[in-house]
Amino acid sequence: MNLQHLSDVQRRAVTLVDGPVLVLAGAGSGKTSVLTNRVAYLINEKNVSPYHILAITFTNKAANEMKERIAALVDYDVSRMAIATFHSICARFLRHDAELIGYMNNFTIYDTDDSTALIKKVMQNYDHGLGQLTPKYVRHVISMVKNSSGYGEPEEVLKDISEDFSEPLTQIYRAYNEALHRENAMDFDDLLLNMLRVLQENQEAREYYTERFQYVLVDEYQDTNSVQYELVKLFSEKHKNLFVVGDDDQSIYAWRGADVRNILNFEKDFKNAQVIKLEQNYRSHQRILDAANAVIRMADARKEKNPWSAKTDGPKPKVYTAYSEYAEGEFIAKEISGLVRGGKKYEEIAVLYRTHTQSRVLEEKLRMYGIPYRVYGGMSFYARKEIKDIVAYLTLLENPMADTAFLRIINTPKRGIGNVTVNRLTEYAEANRLSLMEAAAGADSFMKGGTAKFSPLLEVLRGIETAAEGKSIGEMIEIVFERSGYHAMLLSDDDITAEAKIENVQELINSARVYEAQAEEPTLEEFLSTVSLITDMDTVEEEGGVTLMTLHSSKGLEFDTVFMAGMEENLFPSKRSVEEGKLDEERRLCYVGMTRAKNLLYLTGSATRTMYSGGSSSNAPSRFLRDIPPEAVENLSVRKDVKQIGHREETTKPRINFFQAKAEFVPKATADPGSFRVGGVVEHGKFGKGTILAIDGQGDQRVARIAFAGGEKKLFLSFAPLTVIE
DNA sequence: CCTAGGCCCAGCAAT
DNA sequence: TGGGCCTAGG
Ligand SMILES: Nc1ncnc2c1ncn2[C@@H]1O[C@H](COP(=O)(O)OP(=O)(O)OP(=O)(O)O)[C@@H](O)[C@H]1O
């Protein structure tokens, strides 16, 4: 196998196959490439059967790509290979082993929506004195507890999280888990946790998996949580050939339980571990690296690295501060248009932001300029209401005990079953330890006319079940769509979104057909499993225009040109991160974003931003911008823009922070009127008229590159005898 | 007892 | 922007 395309040290990482190995290296150093090559190398050169390999990727898409690569190398049914995300692989194993820990193997996976709904229901049953705590918050706490299970009992973990509420929270935590178990359902965290229990509690299963996995590989190791850590440790305990790659500077998921200590302590945790450092960055040129390193250098507690790029030169990162988010969007759209006119492809460009809500304005401006784009993340296809409703019907076919799914469709379409009836049903079901569906069948015993009330629904469900017998999944969805009355409901809905919803359901049918065509042995169970674990990131395409996504989602990806929008205090870093002292994670997120760029990096922001209520806030430029030495970037901000806020200010309500903000983002030297700007025309006492090509530096150090008739000159703006012509 | 429409409030990131 | 809560009408 040819490994000539790798550097010496990368090759070493690929071929050092025995024992625990950590590749700790900065962004763009080829960690993922090394991991993929290593899998291929094991199979091709070391004659390891694909069956004996466990490789954990960060997205399903990355897993599929890796499988495709392996498929080209060996004659093996790669779909059976254990290459997947933690969640997918655990779900797959549990389909076989859940019964070892008291679940049924056809368990249902509840997504965030489902689990929030269930938590809400559980909370209603308790006079917990948690009035002010929302189900969403409680779900987050519960998730943290589950993800921290490697550290101890729920009670202890809860005390650390919330001293005051630990008791009621513990109660809810228990009740929620019991409900999940009764419903034969697992939430995302349970997938990991229950797989861990299988390994811990069942000797035979442990034997099987540890014997099987001679080689264990994990990508993005810095963002593993305590349960994932335990899983990795157990899976690799027998053969001890554990290979992990990661970058502590890219740890950005502590808020959902990831623990960077996993990577920092690797050498201590795994005896005889070898550590390989990759220092060369193959993705970005040096100027991008310089700026990114200026930001990450300020973080505490990190392993120092010496990244360098062979591409020593390239355009400096560009900074632009607009006066409003609309102007910011406009700037980005204009720049993209210009870049594309210059030959760049839309697909090579990404716009990254801290929060999904930022995308709306950006989209608006891109559309205005006729720029094709695709937004990833946020509301994914499978999270849409109509899709989730149809999926709930399918879930009930597979698992009639899934009360959460039942509650979702009990009155959708409308069947005259309201809150009061639902509450009575729930009470009755709980008192008699029945599933809601079972309880509904005996409704006469708890309310007058109960049977009559529920029989239409039960008949629909029974009808679907009979009709779906022996049918393909695509056909099942059609049956559900028709017989549930969902289609009719949408047809009679004159809301403009109804048509799109019908199309979405059609799309769901399509995806079921695609799944059936591809799967070895398609089952409804597996389809539902896949659907609940699919993310938008798995559908990233080569085509489709400019990519819009959050900074978090961009981890692991790369683009020729990257715009980072919303580089402002209170947004990035977020207000909460500052308040809660979690600034470093934001800083690392900034580092992740900047290092996605191969060639061109724009850092944009706005002095003001509209709030949901219609008001407006004004924010200083992000501190991360200030951490980059001025001479390392090119500042494209125009004084003119800044002044306009002043005008707008006077016509609208005053904003407390305005002057402060203005003072911070206006470079000093431009504080005098008649400002210089890139593209502007100036006159010099000696050289005559010229056009400003670029301005670098700040304050007295600002240098302009100006094209005069007699050639290009670099001049200090504060000293040169220049007048602005236009 | 159900439904629809109006009002009020909230704001991060995602498997 | 939307989801949760409240109210009036059916
Ligand atoms: N030896 C090499 N020669 C040339 N290009 C390389 C080499 N190694 C990696 N690359 C390229 O560098 C880029 C970054 O590689 P990769 O995504 O594997 O890095 P990474 O360390 O996983 O990055 P990150 O941590 O930022 O996600 C890819 O485009 C890859 O093809």
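Predicted model only: the values in this text are computed from it and were never measured. Residue numbers start from 1 in every chain, and the chains themselves are labelled A, B, ... in the order their sequence lines are given, proteins ahead of strands.
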Where each residue is assigned the nucleotide of DNA chain B containing its nearest heavy atom, which of Asn60(A) and Thr357(A) is assigned the position nearer the 5′ end?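 Between the two, 5'-proximity favours Thr357(A).
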Which nucleotide sits closest to the side chain of [X]: [options]?
{"X": "Val420(A)", "options": "dA13(B), dT1(C), dC1(B)", "answer": "dC1(B)"}
{"X": "Asp189(A)", "options": "dT15(B), dC1(B), dA14(B)", "answer": "dT15(B)"}
{"X": "Tyr253(A)", "options": "dT15(B), dA13(B), dA14(B)", "answer": "dA14(B)"}
{"X": "Lys453(A)", "options": "dT15(B), dC2(B), dA13(B)", "answer": "dC2(B)"}
{"X": "Arg576(A)", "options": "dA14(B), dC5(C), dC12(B)", "answer": "dC12(B)"}

Determine whether Glu328(A) and Lys365(A) satisfy the following criterion, salt bridge (Lys or Arg N to Asp or Glu O under 4.0 Å), listing intermediate values before the conclusion. CA-CA 9 Å; Glu328(A) 181 191 23; Lys365(A) 290 297 176 186; over 6 Å; no
Looking for any heavy atom pair under 4.0 Å, which part of the strands does Arg424(A) touch: base, sugar-phosphate only, or nothing?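 Since only primed, P, OP1 and OP2 atoms lie under 4.0 Å of Arg424(A), the category is sugar-phosphate.
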Just checking Ser574(A): base, sugar-phosphate only, or nothing, at a heavy-atom cut-off of under 4.0 Å?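 If one applies the 4.0 Å heavy-atom cut-off, Ser574(A) turns out to touch a base.
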In whole Å, what is the span from the [atom1] atom of [X] to the [atom2] atom of [N]?
{"X": "Leu583(A)", "N": "dA13(B)", "atom1": "CG", "atom2": "C1'", "answer": "15 Å"}
{"X": "Gln358(A)", "N": "dT1(C)", "atom1": "CD", "atom2": "P", "answer": "17 Å"}
{"X": "Leu191(A)", "N": "dA14(B)", "atom1": "CG", "atom2": "P", "answer": "19 Å"}
{"X": "His140(A)", "N": "dC12(B)", "atom1": "NE2", "atom2": "P", "answer": "11 Å"}
{"X": "Glu220(A)", "N": "dT15(B)", "atom1": "CD", "atom2": "C1'", "answer": "14 Å"}
{"X": "Lys385(A)", "N": "dG3(C)", "atom1": "NZ", "atom2": "C1'", "answer": "13 Å"}
{"X": "His356(A)", "N": "dA10(B)", "atom1": "NE2", "atom2": "P", "answer": "22 Å"}
{"X": "Tyr137(A)", "N": "dC9(B)", "atom1": "OH", "atom2": "C1'", "answer": "20 Å"}

Within the sub-3.5 Å range, which N or O atoms of nucleotides 3-8 of chain B have a protein N or O partner, and how far apart are they?
residue: dT3(B); atom: OP1; partner: Gly416(A); partner atom: N; Å: 3.3
residue: dT3(B); atom: OP2; partner: Asn411(A); partner atom: ND2; Å: 3.1

Does a nitrogen or oxygen in the side chain of [X] sit under 4.0 Å from OP1 or OP2 of [N]?
{"X": "Ser553(A)", "N": "dA14(B)", "result": "yes"}
{"X": "Thr550(A)", "N": "dA14(B)", "result": "yes"}
{"X": "Thr421(A)", "N": "dC2(B)", "result": "yes"}

Could you check whether Phe93(A) and Tyr209(A) have their ring centres less than 6.0 Å apart?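 Yes, the ring of Tyr209(A) comes within the 6.0 Å limit of the ring of Phe93(A), centre to centre.
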Identify which one of Thr412(A), Asn504(A), Thr497(A) satisfies the side-chain hydrogen bond (donor to acceptor under 3.5 Å, both in side chains) criterion when paired with Glu386(A).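 Only match with Glu386(A) under side-chain hydrogen bond (donor to acceptor under 3.5 Å, both in side chains): Asn504(A).
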Looking at Glu579(A) and Arg576(A), is any side-chain nitrogen of the basic one under 4.0 Å from a carboxylate oxygen of the acidic one?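 Salt bridge flag = no for Glu579(A) with Arg576(A).
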Does this structure show an ion pair linking Asp584(A) with Arg302(A), if we count only N-O contacts that are shorter than 4.0 Å?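 Result for this pair is no, no salt bridge flagged.
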Give a yes or no on this: more than 12 heavy atoms of other residues, nucleotides or ligands lie within 6.0 Å of atom [atom1] of [X].
{"X": "Arg261(A)", "atom1": "CZ", "answer": "no"}
{"X": "Lys121(A)", "atom1": "NZ", "answer": "yes"}
{"X": "Glu499(A)", "atom1": "CD", "answer": "no"}

Donor-acceptor pair under 3.5 Å: do we get one between Thr112(A)'s side chain and the base of dT15(B)?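 Present.
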Mark yes or no for a side-chain to base donor-acceptor pair under 3.5 Å between Arg256(A) and dA13(B), with no hydrogen or angle criteria applied.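 Per atom types, no contact qualifies.
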